[in-house]
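Comments concern the structure below.
Residue numbers start at 1 and run along the sequence shown. Since the model is a prediction, treat every value here as computed from it, not as a measurement.
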Amino acid sequence: QVDGDGCSASCAIEDGWACSGGAHGIQHTDQCEPCDDSCATCVDSSGLGCSACAAAFPFRDGDWMVGVGACRQSCTPFGKFANASGHCIACGGLCSTCSGPLSTDCLSCSSADAAFLRGSTCVGECLDSEYVSQLGGSTVCEPCHESCLECSGPGSTACLSCDGNGTLSFFDDSSCVSACPANKFEGENRTCASCDSSCASCDGASPLNCTACSADWALEAGTCVSDCMAGAFKHPQTGLCEACNTTCMDCSGTGSNCTSCNDSGDTPFLEAGECLGDCPSGRYPSQATQQCEPCDSTCSTCAGPTSADCVSCEGERFLLSGTCATSCGAGRYPDSLLGACEPCDESCDACLGPSSKNCTACPAHAPLLHDGGCHAACPAQTYLESAAACGACDATCASCDGPTSYNCLTCPSHLPHLLYSQCSCGAGYNSTGGTCSDIDECADGTHDCFSASSCANTAGGYTCSCPDGYAGDGRTCSDVDECADGGHTCDPRAACTNLIGAEGASLGFACECDNTTYPGFEGDGFFCTDIDECSRDTNDCPLESTCTNMEGNFSCLCNAGFQPLPEECEMCHGGFNCTDINECEEGIDNCHDPWGVCTNTHGSFNCSCAPYYGGDGIICYAPPPSPPPPSPPPPSPPPPSPPPSAPPPAYPSPPTSPPPPPSTPPSPPPPLLPPPSPPPPSPPPSPPPPSPPPSPTPSPPPPSP
């Protein structure tokens, strides 16, 4: 036996083989054939007789109830699906192929009426929110992208319509967006339509509907233009045409960066982006260009109409008839302050300045030059040096015929002596360097004055005077006693002290207020004023007194209600104290006597009325009488006569019992003021007696109410 021929060494059928004429596992001698590749073991080689499946064909198909059948790599191509046991189960419903676990879990559809696969279900058509695609030979309904309401394919760029109520409600080139892009606008049905090509953004299709422009354009009145109108510029941030500053005719970049100016305005000339009424230094206003143009290089400033029309010059040049020259020519001189060639004085032919003393050449009628001036003849203290010039005499000469001190013809007053054509100094002068200088006798100590401070130098001499506080001729001086001769200015209440001379001050005396002779004064000695001891509180007046200032002193006066009490008191001014006056004891009060009661107080007194009297104490009045009792009833048998009773008081009794009235009250005074109305009558304490009581002392009748 040979391995791999279908029979094993024991003549059994090998796995993967089938032998005709017998069943698997039965020995026979017939011819053996290998099983189909799908079978691990088989009963025949047809591929439908597998008794066990090969690993690559794990699914059983057919009637395996008898133990054999077909083995499949996949059940799907056969319109079946593999169940949990690995058996291929036929698809059901409208499925052409299916995936299980149910027979209706379709992978493809078999019916033309339900040819579209949605998930695992075959349907007659796809939804509006789906699109049709081919997937493995199946026509499948796929969901649109979440941004689309309807679509033609996958992704956010295959939309056919958008949800008008959603956040992505605008349709833009097969996409649904939240807002139309910058170069489009919202058209009909919320569709984004393209702006005109000149617009970066717009609100309509017309070129007049631009709201922003592309980079090379500017927005002006809803239209994108390549250049803004005159007087406007394209703003680099907003892209809008905005008005230039009022000084500009045109501008660029900003409203203040002018490119041209209004030639009829106050600032017609352009300079560095600014319109000016006048150009800066070194430039001139050109009417031809309406700009500030540079001056010629020789000019510092110029006025035009050309660059060489100079107003001032640069460097060592000077203005001469509108040009800048290096030299001024005859009859003019360079003025460095003005920077211009200015005319010489009329007396000069040539000069270095404007004065008649600045000449450098002279005319024929005054040909002699001396000290910068032109002369017809040499002036004083000069001599004829040449045919065109005069020379100066030596300083020692008043006139001369040559330049030295030995050429003098006459002498000046301070050198009055002419000897051998030479002038010498007079008294009080020294000759130094050919000139006479004054001798300062005060400084060199050759004077005979009382002191150096009283010496005053003069030309050729000196004078002497006495210093302040001294008298004399300046050479002999004696002290002046201003206190003794009355020449001082001290206050009459001050003491004067003489000083020797002025002792470095301007006066020869000193003043000091004399507090010994004139106490109560103060000041600088020239003016002594009274000290107000009362206002400064430096007085010693006693309590209950008033201080009164006096010239050089003060006085103390007891206040009203007080009187001085002489006693030993070192601190009291005048040796007294102020004590209270008892007006009541001394009988100087004004209380109503005898019914007024006086009470002394500190510095005064009070008045009050005696009990049962009205008034303020200064005036008191008696109380009114009691009214008569009412008429008695008819008499009864009379009882024994009672003693007479006193009338009731005119006023209610006070809370505490008053002291008993005097047995015989004083007669009341006549009323000085109307008494108050009487109180109502009090009821009688007991039945009235048969006869009326004796009348009290008569009182004035009460006034009518």
Side-chain angles (χ1 to χ4, degrees), residues 413-414 416 425-432 435-542 545-557 569-576:
S413 59
H414 66 281
C425 297
Y429 289 88
N430 281 329
S431 178
T432 55
T435 62
C436 293
S437 58
D438 176 59
I439 299 171
D440 189 345
E441 295 84 357
C442 299
D444 63 15
T446 58
H447 66 87
D448 60 352
C449 296
F450 179 73
S451 66
S453 63
S454 61
C455 178
N457 189 60
T458 61
Y462 63 93
T463 61
C464 299
S465 61
C466 290
D468 290 341
Y470 289 87
D473 60 2
R475 290 172 171 78
T476 302
C477 300
S478 59
D479 177 60
V480 176
D481 188 347
E482 295 84 358
C483 297
D485 64 15
H488 65 86
T489 56
C490 297
D491 189 275
R493 302 176 187 85
C496 176
T497 302
N498 184 60
L499 302 177
I500 301 302
E503 293 189 353
S506 59
L507 301 176
F509 59 93
C511 302
E512 184 178 7
C513 292
D514 188 354
N515 288 325
T516 301
T517 307
Y518 300 100
F521 289 88
E522 63 182 1
D524 60 1
F526 296 97
F527 297 97
C528 298
T529 58
D530 174 57
I531 299 172
D532 188 346
E533 296 85 356
C534 299
S535 63
R536 295 191 186 182
D537 201 22
T538 57
N539 62 84
D540 57 356
C541 290
S545 68
T546 300
C547 177
T548 301
N549 188 59
M550 301 169 64
E551 182 78 7
N553 206 337
F554 65 96
S555 67
C556 304
L557 182 64
C569 181
E570 294 180 358
M571 297 301 294
C572 298
H573 191 75
F576 68 92

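The line from CZ of F527 to CD of E522 is 15.0 Å long, rounded to the nearest 0.5 Å. Going from atom OH of Y462 over to atom CG of D440 covers 11.5 Å, rounded to the nearest 0.5 Å. Rounding to the nearest 0.5 Å gives a distance of 7.0 Å between OG1 of T538 and CD1 of I531. The CG atom of D481 sits 9.5 Å away from the NE2 atom of H488 when rounded to the nearest 0.5 Å. The CZ atom of R475 sits 12.5 Å away from the OG atom of S451 when rounded to the nearest 0.5 Å.
Using modelled atom types and a 3.5 Å distance limit, the side chains of D491 and Y518 yield no donor-acceptor pair. Counting only N and O atoms by type, the side chains of N539 and N549 include no donor and acceptor under 3.5 Å apart.
With 2.5 angstrom as the limit on SG-SG distance, C490 and C496 do not come in below it. Disulfide criterion (SG-SG under 2.5 Å) for C556 and C547: not met. Remark: SG of C455 is found under 2.5 Å from SG of C442. Per the SG-SG cut-off, C513 and C528 are bridged by a disulfide [distance under 2.5 Å].
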Q. Between E482 and N498, does a side chain to side chain contact (heavy atoms under 4.5 Å, CB included) hold up when you go through it step by step?
A. CA-CA 6 Å; E482 295 84 358; N498 184 60; 3.1 Å; yes

Q.
disulfide bond (SG atoms under 2.5 Å apart), that's the test. Do C449 and C464 meet it? Break it down for me.
A. CA-CA 5 Å; C449 296; C464 299; 1.8 Å; yes

**Q.** Residue pair F521, T529: steps toward the side chain to side chain contact (heavy atoms under 4.5 Å, CB included) verdict
**A.** CA-CA 5 Å; F521 289 88; T529 58; 5.7 Å; no

(Q) With salt bridge (Lys or Arg N to Asp or Glu O under 4.0 Å) as the criterion, how do R493 and D514 come out once you've worked through the C-alpha distance, each side chain's angles and the decisive distance to 0.1 Å? (A) CA-CA 6 Å; R493 302 176 187 85; D514 188 354; over 6 Å; no

Q: Could you walk me through whether T548 and L557 pass the side chain to side chain contact (heavy atoms under 4.5 Å, CB included) test, one step at a time?
A: CA-CA 8 Å; T548 301; L557 182 64; 5.5 Å; no

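Nearest heavy-atom pair across S545 and C541 is OG-CB, 3.5 Å. The heavy-atom pair separating D473 from T476 by the smallest distance is OD1-N, 2.8 Å. Between A471 and C466, the shortest heavy-atom distance links the atoms C-SG, 3.6 Å.
Residues N457 and D438 are in side-chain contact: their nearest non-hydrogen atoms beyond the backbone lie under 4.5 Å apart. When side chains are defined from C-beta on, T489 counts as touching F509, because their heavy atoms get closer than 4.5 Å.
Note on ring orientation: taking the six-membered ring where Trp is involved, the planes of F450 and Y470 are tilted (angle from 30° to 60°).
Shown here is E441, whose CD atom has more than 12 heavy atoms of other residues, nucleotides or ligands within 6.0 Å.
Between the side chain of D530 and the main chain of G552, a donor-acceptor pair closer than 3.5 Å is present.
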